[in-house]
Amino acid sequence: MLDPIEFIHNASSISKKSMNRLKLKTNPFSEKPIRGNTKFFVGRTSELSEIADILGAAQYGSVANAAIVGTKGIGKSSILNILYYASKRHNHWVVELETSQITARQFLIQLMYGIIKDNLFSVDGTLSSDYMKHSQKIIEIYKRLSNYSDKTPVHYPREKIERDLKYLLNEVKEENKLCVILIDEADQFAKRSCLGLLQFFHSFLYEDDILTFLAGPPTMVEDLTKISPAIRDRIPKIINMPPLTKEEAYDLIKRRLEDSQITGAKGYQPFSEQSIEKIIEECDGIPRRIIMTCSEAVSLGLKNGVDEIDDEIARNAMKNLGISVGHQILNHLTPAQSKIIKAMAELGGSSTVTELSGILNNSTGTIGTHLSDIYEMGYIYKERDGYNVYYTLSKELKDVLITKEDIS
């Protein structure tokens, strides 16, 4: 009869021995949140300089709200987290908001809740002594918000919420402080249901002491502007997040390994030089993909009981995760562009605008515009054959969209 306690003990002991064989104390590639710890943060010098300039100018009255844009896993959330602690160090108020709150009223409720909980209360949960003269009013507001949700009592209407927010910003907050608002995945606001919120932003984002950073995919500002054109003027700064360079990718892996290697480990152990090269080549500078691939490779190494992670294990890790340059390109495309690319794959990887228009039941003008954008990004090629222009998928896209059975 199996003793479950004995089984778990033996299995965990085997895992510990396997980890020592790999010269690691722990798997260093879990997606650890930075939370103010910068030892795993690499690169981004240019982007950090832009953010520092924006924050510095805002402190002296020149407020310019900004969008931080980039593909999935590029590090937008990490940048926002760094910004959170940098703002705290300057003694500004700073609030992180959820995109699930999509109405102007919900936004205001969450904003006030975050201001009070994260900036006016001490670590022990009591009101900071700096704000004691406003204690009665602050506690009164906080009690109304303590169970904020769609079920917030009707006797706390939006007009009252706006008055209370103005009180916090104009009476409680010191004049030399900003209220820095960080909104991750802000592309969720690009919905018709969020029109009221975006219209609210038109006036709200012009406040002198409110600085907002919205993070989302490359098309976020364009998508928000389609819903509410005036929003573009309220977000004059756009910070693009490019992939890491090869040197930065190597540094990212090195820092993680050094944090948990056992004494005597050298270089990139337990990874072979070839496996590191393979991971960096295929993950195309996307930090999250690099971390996920390395983590899966370590897990496979433990499972197989090896003392080195070679390029074959790295390939298997990427296969398990579905990570390749082609998959990254697909993640980068908009839904409309992705449909066109998949239709091209159905046609064997090469097609004309007219052929795609027939399959997708869309106008040739719309298809042509999308194809031009994809072509400019370098994901497809085109060549003329007589009167026809053929668009062809790149090798990376063919590898993930067209199987050998399709070709045969």
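Reckoned from all heavy atoms, side chains included, excluding hydrogens, waters and symmetry mates. In this chain, residues are counted from 1 in sequence order.
Look at Asp164 and Lys160 and you find a salt bridge, because one of the NZ, NE, NH1 or NH2 atoms lies within 4.0 Å of a carboxylate O, short of that distance. Using a cut-off of 4.0 Å between Lys/Arg side-chain N and Asp/Glu carboxylate O, Glu159 and Arg163 are scored as not salt-bridged.
Using a distance-only test at 3.5 Å, with no hydrogens or angles considered, no donor-acceptor pair links the side chain of Lys382 to the main chain of Val389. Side-chain atoms of Thr219 never come within 3.5 Å of backbone atoms of Glu222 as a donor-acceptor pair (strictly under, hydrogens ignored).
With sequence neighbours excluded, no residue forms a side-chain hydrogen bond (donor to acceptor under 3.5 Å, both in side chains) with Tyr375. Lys72 pairs by the side chain to side chain contact (heavy atoms under 4.5 Å, CB included) definition with nothing, not counting sequence neighbours.
In summary, the side chains of Ser260 and Asn27 do not present any donor paired with an acceptor at a separation below 3.5 Å, with no hydrogens or angles considered.
Proximity of Tyr85 to Thr38: side-chain heavy atoms (C-beta onward) are nowhere separated by under 4.5 Å. Between Tyr142 and Leu120, the closest side-chain pair of non-hydrogen atoms is not below 4.5 Å. Between Tyr391 and Ile367, the closest side-chain pair of non-hydrogen atoms is not below 4.5 Å. Side-chain contact between Met112 and Ile161 is present, with heavy atoms from C-beta onward closer than 4.5 Å.
For residues 339-362, the pairs satisfying side-chain hydrogen bond (donor to acceptor under 3.5 Å, both in side chains) are Ser350-Thr392, with sequence neighbours left out. Applying the salt bridge (Lys or Arg N to Asp or Glu O under 4.0 Å) test to residues at least two apart or on different chains, the pairs with a partner in residues 292-317 are Asp311-Arg315.
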Table please: side-chain donor-acceptor pairs of residues 265-277 below 3.5 Å, with sequence neighbours left out.
{"from": "Gln269", "atom 1": "OE1", "to": "Lys266", "atom 2": "N", "distance (Å)": "2.6"}
{"from": "Ser272", "atom 1": "OG", "to": "Ser275", "atom 2": "N", "distance (Å)": "3.1"}
{"from": "Ser272", "atom 1": "OG", "to": "Ser275", "atom 2": "OG", "distance (Å)": "3.3"}
{"from": "Ser272", "atom 1": "OG", "to": "Ile309", "atom 2": "O", "distance (Å)": "3.4"}
{"from": "Ser275", "atom 1": "OG", "to": "Ser272", "atom 2": "N", "distance (Å)": "3.1"}
{"from": "Ser275", "atom 1": "OG", "to": "Ser272", "atom 2": "O", "distance (Å)": "2.8"}
{"from": "Ser275", "atom 1": "OG", "to": "Ile309", "atom 2": "O", "distance (Å)": "3.0"}

All N/O donor-acceptor pairs, side-chain side in residues 169-183, below 3.5 Å, sequence neighbours left out:
{"from": "Asn170", "atom 1": "ND2", "to": "Lys166", "atom 2": "O", "distance (Å)": "3.3"}
{"from": "Lys173", "atom 1": "NZ", "to": "Lys177", "atom 2": "O", "distance (Å)": "2.8"}
{"from": "Lys173", "atom 1": "NZ", "to": "Asp209", "atom 2": "OD2", "distance (Å)": "2.8"}
{"from": "Lys177", "atom 1": "NZ", "to": "Asn91", "atom 2": "O", "distance (Å)": "3.4"}
{"from": "Lys177", "atom 1": "NZ", "to": "Tyr131", "atom 2": "OH", "distance (Å)": "3.4"}

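No option in Val63, Leu83, Val94 other than Val63 meets the side chain to side chain contact (heavy atoms under 4.5 Å, CB included) test with Leu211.
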